[in-house]
Amino acid sequence: MSASPVPPAAPPPSAATATRASRRAADRRRPRRRWELWRSPDGQPPWARPALLAVAALAALLYAWNIVGSGLAPFYSVAARSMTESWKAFLFTALDPAATVTLDKIGGFLWPQALSARLFGFHDWALTLPQCIEGVVSVLVMYRVVRRWQGPAAGLLAAGLFTLTPVAASMFDHAIPDASLIMCLVLAVDQYQRAVRGGRLGALVLAGVWVGLGFQAKMMQAWLIVPALAVGYLLAAPVTLRRRLGHLLTAGVVMGAVSLSWVLLMTFTPKDVRPQVGGNSGDSAFSMVFDYNGFGRFGQSGNGATFSTDATSKSGGGAGAQSGSRGGIMASDPDSNLPHKLVGERLVRQIGWLYPPALLGLAFGLFRSRGRPRTDRTRAGYVMWGTWLLTTAAVLSVVPVPHTAYVAGLAPALAALSAAGAVALWRAHRAERGSRAARLALPAAVAAQAVWAGYLAAGQADFAPWLTPLVAAAGLLGVGALGVAVLAPRLRTHRRRLGALGLAAACLAMLAAPATWSLSVLDKRYGGSSFDAHAGPFGSEPQGGFELKTRPKSQ
């Protein structure tokens, strides 16, 4: 019996191949140096950092593309110029260099603008530059907070969704107060997350500081996040209830002190030294913040917050600016009086593309995490983001929304919940031992999102006539591929390919419409203005659907 032939030995690898392989192995072993920003840190997949840099570059492109022609905000730009000419005006955020009268609100959002103008000269791009930077910082921090919570894939998706939120794409491209607010709130969540993971008082205090700085930018709107942070920490921090309450009380005191610092400065500075408080507030900073710009807004009609054009364009301040800030540009939006304004014609395409995936993701995440220990981080994240979303939506539904930038406060929560929900649904869909209902939840969510996005896009069919058919086709393909992978056991061998096809189509159905609206800001006609953040077919109107009414000079 002859011996079986021995198979020939595999040829040895070439020297070049062996060298490349050894270099790759060495790179994997070598720790990342600080200056190697393109490499992912330890514990993250190699693709995470390059993909994040790509998302950040897209954000920078959207926010800075029209920076040279971004325009000057009426009323605010007058104060910014005064703040560049006088440090007293800078401190008190006064309308005039002599610091005789303040804005009709806290002007902390103007401090970065004034510093930029002092450095580069008074140009519209110099005032807009801080907002562009704040937008990119917000995108990067969104990735970090969602990555810690649900992993790198969810973090990248959240950063991308936030970048492609139309109102954010326009807001960070102009000198608008809400840009500073959103960055401060996202940074507050970043510190809160560190606090809740280890019961750290110091991190929770820093979260309170960031909320307080957000108060300097947009006053009481910054406090809308406080219930979310308080409920999340009280629920999930790994310390005793007594310590949790003590930590929250301490952080709340610090937050209040930072929030009220400017108000206290105005209150305890002698009146003959400081400027008069703007806003028809009886020269009271407390009244201006908490009545004129706060609780006094509840129950108002849509023209509750306006600007004066005659007082600022001529004299640059003075008593006319003080008394006229609600008599200039009057909101004429019919949705502003209605509880359903967040799904009304004016606002929904700026913020509402992600309503279905965010709400479905919240419900799915809370359902899947039921029964877990009190300190479970996944459930705590859904509780915190869900509380942020629902609290902000509830308040915006009962107060006037004179500018679309107000609804940008929903953007971080919508992006985080949509991203986390999409990843959780995908994992449930791929689970071998999962129930059929759980595995079918993903195609159901894709169908809901496709129907919603197609409906919104169809309402502006002249803007992008190809968008509705694209979303419909992507939705059908995604639902079909994902559904067949679950319902057709005979195709189990093709399940991976069907899943990849369905996932790609689902992402297209989710992203196509908001991406189209957001990318439209690259065309200046659709980029909104420094008065109103608005991307899309009405972005070329400086007031975004507002009616300009000028107060007679005799008044």
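Being a predicted model, the structure only gives us computed values, none of them experimental.
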* Under the side-chain contact (heavy atoms from CB on, under 4.5 Å) criterion, do Ser369 and Asp376 qualify, and how do the steps go? -> CA-CA 8 Å; Ser369 60; Asp376 180 71; 4.3 Å; yes
* Look up atom CZ in Arg49 and atom CG in Leu156, then write down how far apart they are to the nearest 0.5 Å. => 10.5 Å
* **Non-hydrogen atoms of Leu414 and Ala358 that approach each other most closely** => CD2-CB, 3.6 Å
* To do: Would you confirm whether the ring centroid of Trp353 sits within less than 6.0 angstrom of the ring centroid of Trp452?
  => no
* Asked: Any donor and acceptor pair, going by atom type alone, linking the side chain of Ser82 with main-chain N or O of Leu95 inside 3.5 Å?
  -> yes
* Among Arg197, Arg148, Arg147, which one satisfies salt bridge (charged side-chain N to carboxylate O under 4.0 Å, His left out) with Asp190? -> Arg148
* Side-chain heavy-atom pair Phe364, Leu425 within 4.5 angstrom cut-off -> yes
* Asked: Do Phe162 and Tyr143 have ring centroids that are under 6.0 Å from one another?
  -> no
* Structure fact -> Sorted by chain and number, sequence neighbours left out, side-chain contact (heavy atoms from CB on, under 4.5 Å) with Ile67 holds for Trp125, Thr128, Leu129, Cys132
* Asked: Quick check: does any side chain N or O of Ser138 sit under 3.5 Å from a backbone N or O of Glu134, one acting as donor and the other as acceptor?
  -> yes
* Asked: How far does OG1 of Thr165 sit from CZ of Phe172, to the nearest 0.5 angstrom?
  -> 9.5 Å
* Asked: Is any side-chain heavy atom of His534 less than 4.5 Å from a side-chain heavy atom of Val167?
  -> no
* With a 4.5 Å heavy-atom cut-off, do Pro227 and Trp388 have their side chains touching? -> no
* Quick one: are Tyr76 and Gln113 in side-chain contact, heavy atoms under 4.5 Å? -> no
* If you count the non-hydrogen atoms of other residues, nucleotides and ligands that lie under 6.0 Å from CH2 in Trp65, is the total more than 12? -> no
* **Thr404 side-chain N/O to Leu347 backbone N/O, donor-acceptor pair under 3.5 Å** => no
* Grab the two heavy atoms, one from Pro443 and one from His429, that are nearest each other, plus how far apart they are. => CD-ND1, 4.4 Å
* To do: Show the numbers, then the answer: is there a side-chain contact (heavy atoms from CB on, under 4.5 Å) between Leu72 and Phe531?
  => CA-CA 8 Å; Leu72 296 174; Phe531 178 79; over 6 Å; no
* **Gln221 side chain near Leu181 side chain, heavy-atom distance below 4.5 Å** => yes
* Tell me whether the guanidinium CZ or amine NZ of Lys218 lies under 6.0 angstrom from the six-membered ring centre of Tyr406 and within 45° of its axis. => yes
* Kindly state whether the ring of Phe215 and the ring of Trp210 have centres lying under 6.0 angstrom apart. => no
* Is there a donor-acceptor contact under 3.5 Å from the side chain of Ser518 to the main chain of Ala515? -> no
* To do: Take Leu115 and Thr84 through the side-chain contact (heavy atoms from CB on, under 4.5 Å) test and state the conclusion after the steps.
  => CA-CA 7 Å; Leu115 291 175; Thr84 64; over 6 Å; no
* To do: List the atom of Gly459, the atom of Arg349, and the distance in Å for their closest heavy-atom pair.
  => CA-NH2, 3.2 Å
* Identify the two heavy atoms, one from Ser180 and one from Gln131, that lie closest to each other, and give their separation to 0.1 Å. => OG-OE1, 4.4 Å
* **Worked verdict on Tyr192 versus Val211 for side-chain contact (heavy atoms from CB on, under 4.5 Å)** => CA-CA 11 Å; Tyr192 153 83; Val211 174; over 6 Å; no
* Backbone of Ala415 reached by a side-chain donor or acceptor of Ser418 within 3.5 Å -> no
* Indicate the atoms forming the closest heavy-atom contact of Gly121 with Ala126, along with that distance. => O-CB, 3.3 Å
* Asked: Any side-chain heavy atom of Leu164 sitting closer than 4.5 Å to one from Leu58?
  -> yes
* Kindly say whether Val289 contributes a backbone atom to a donor-acceptor pair with the side chain of Lys105 at under 3.5 angstrom? => no
* Structure fact -> Taking every heavy atom of Ile176 against every heavy atom of Ser529, the minimum-distance pair comes out as CD1-O, 3.7 Å
* **Minimum side-chain heavy-atom gap Asn293-Met220 below 4.5 Å** => no
* Answer with yes or no after comparing the ring centroid distance for Phe463 and Trp517 against a 6.0 Å cut-off, counting only values under it. => yes
* Asked: Rounded to the nearest 0.5 Å, how far apart are CG of Leu482 and CG of Leu442?
  -> 5.0 Å
* **Approximate separation, where rounding is to 0.5 Å, of Asp178 CG and Phe109 CZ** => 9.0 Å
* Using atom types as modelled and distance alone, determine if a side-chain donor or acceptor of Ser170 lies under 3.5 Å from a backbone N or O of Pro166. => no
* Any donor and acceptor pair, going by atom type alone, linking the side chain of Asn66 with main-chain N or O of Gly527 inside 3.5 Å? -> no
* **Reported CG-to-CG distance for the pair Leu511 and Leu354, which is rounded to 0.5 angstrom** => 8.0 Å
* Asked: Are Ile225 and Thr392 close enough that some pair of their side-chain heavy atoms sits under 4.5 Å apart?
  -> no
* Separation of Arg194 CZ from Leu206 CG (nearest 0.5 Å) -> 7.0 Å
